[in-house]
There are 2 protein chains.
Amino acid sequence: MSTTRLVVASYIALGVTARRGPTTSYDLKRYVAESIGYFWQIPHAQLYAEPQRLEDLGLLRSRSEEGGRRRRFFEITDAGREAFEAWLADPSTDAPELRDTGLLKLHFGALGTPDDVRALGEHQREVREERLQRFLEFEAQYDGRPGQEHQLLTLRLGQAYERMFAAFWQQVADSAEDLAEGRVGSIELRFLADEGERG
Amino acid sequence: MSTTRLVVASYIALGVTARRGPTTSYDLKRYVAESIGYFWQIPHAQLYAEPQRLEDLGLLRSRSEEGGRRRRFFEITDAGREAFEAWLADPSTDAPELRDTGLLKLHFGALGTPDDVRALGEHQREVREERLQRFLEFEAQYDGRPGQEHQLLTLRLGQAYERMFAAFWQQVADSAEDLAEGRVGSIELRFLADEGERG
DNA sequence: GGGGTAACCGTCCAACTTGTACGGTGCAGA
DNA sequence: TCTGCACCGTACAAGTTGGACGGTTACCCC
């Protein structure tokens, strides 16, 4: 943490602070848990270390409460806002990662039994449907205040995403036997068939 | 690395070794780079440390070449195979993660300009289409040898996945202005419309 | 055959990250 | 008043990371 390079957690801290005004690390932690955390966990220790570092770099400033909980509020500086906006304006990103142990188990499926694969498919479908359900509920909570449209869009993507995975895993479960017998061709992957015609 | 708990990298080492027979850490590194690595990077240092640890746990055994490169080959033991198969047979998994800086930038899109969002959308669409292209080429390389069906299925999912993201980002680019003016409702997310009717 | 270079193979380690344990404050309800 | 829970933050041991380094073999071109 002694380097001057900004990492993703830095921009989360800057972005949340820019949006919310005075923000404690605890606020940051909750913000992440309730939004970004659903697809990208940040260990909370980092959300305490990072704002400190950003203050040293002049991108945030802080003031602490005198009494009581002595909470420490961070605010974004002009330099911080500039750094954040430069990041936003740069469309390039690191290679996206997808850490899905279920897919890894499927990858190695041939080393197990068809029953393993079917059970995996069914369980993963359930998990994905629960997540979908949660995401649908989140959308209902949106209150239409301006400034949330972009989040809403990521939420919609999340919904589509979970739907796609649920459909995928359902097919995996349905075709576990076929797969084991080498008939991968018979799996149509219907869930993406309509997509193929998009032009 | 002194604990006895197995992590994902452990199962990758066990699985690849089970499938390939005698395997060096370097082989492991290449295997990961050419398959799993496209959605889940494992630092190579871990692929050297992990087999050593697994040998200490009795799940792998090794023998080293005498001369030349003194390569160290690992093989799976019965205990190792058992541990791996138990893992495969367990359909539960850790919460999947999706580390996508592009989505994060979109999340904070309201703090930037519509042009930022459009540029982001266009760039991300390109990136996704390149990945899709690569995945389509991979499929052409499959030789139909048995035992690869499960990988092929994950590859197909990867293709659907990239297609979906490409379509999503295209829409983001197309609707950057609408978004900035609060008209998120006008974004149909066509790319998932057909999905919605799935039972 | 010699020289260059690229792929092969592995180790090391300083810097960084992570999870977990801990310790305290303030509020609300029993 | 007491008890529990949400709030708020720190500390640090253990583990992870990426990049530098160093040697070997195969191959190609001259």
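Proteins come first, then strands; the chains are lettered A, B, ... in the order of their sequence lines, and each starts at number 1. Keep in mind it's a predicted model, so treat the numbers as computed, not measured.
- A salt bridge is defined here as a Lys NZ or Arg NE, NH1 or NH2 lying under 4.0 Å from an Asp or Glu carboxylate O, and B:Arg61 with B:Glu55 fails to meet this definition.
- Classification of the B:Phe108-A:Phe84 ring pair by plane angle, with boundaries at 30° and 60°, yields perpendicular.
- Of the residues near DNA chain C, B:Arg30 and B:His44, the one whose nearest nucleotide (by heavy atom distance) lies more toward the 5' end is B:Arg30.
- Sequence order on DNA chain C of the closest nucleotides to B:Tyr48 and A:Ile42 puts B:Tyr48 first from the 5' end.
- Distance A:Arg70 CZ to C:dT25 C1': 12 Å, rounded to the nearest Å.
- Across the protein-nucleic acid pair, A:Gln41 atom CD and C:dT17 atom C1' stand 15 Å apart, rounded to whole Å.
- Between A:Leu47 atom CG and C:dT20 atom P there is a gap of 16 Å when expressed in whole angstrom units.
- Atom CH2 of A:Trp40 is separated from atom P of C:dT18 by 11 Å (rounded to the nearest Å).
- As a whole-Å value, the separation of B:Arg71 CZ from D:dG23 C1' is 14 Å.
- Nucleotide C:dT18 holds its P atom 11 Å from the CD atom of A:Glu50, rounded to whole Å.
- One finds a side-chain N or O of A:Tyr26 lying less than 4.0 angstrom from the OP1 or OP2 phosphate oxygen of D:dC7.
- OP1 or OP2 of D:dC7 has not a single side-chain nitrogen or oxygen of A:Thr24 nearer than 4.0 Å.
- Between A:Tyr48 and A:His44, the angle of the ring planes goes over 60°, which puts this pair in the perpendicular group of the 30/60° scheme.
- Distances from the side chain of A:Val7 to the nucleotides C:dT18, C:dC9, C:dT17 place C:dT17 closest.
- Of the listed nucleotides (C:dC9, D:dA11, C:dC8), D:dA11 has the atom at the smallest distance from the side chain of A:Ala45.
- As a whole-Å value, the separation of A:Glu97 CD from D:dT16 P is 16 Å.
- Side chain of A:Asp27, nearest nucleotide from D:dT17, D:dC8, C:dC8: D:dC8.
- If you check the side chains of A:Thr17 and A:Glu75, you find no donor sitting under 3.5 Å from an acceptor.
- With respect to B:Arg134 and B:Glu130, no salt bridge is recorded, no charged nitrogen being found less than 4.0 Å from a carboxylate O.
- Following rounding to the nearest Å, B:Lys29 (NZ) and C:dC8 (P) show an atom-to-atom distance of 9 Å.
- Listed nucleotides D:dG9, C:dC9, D:dT17 differ in distance to B:Gln46; the shortest reach to its side chain belongs to D:dT17.
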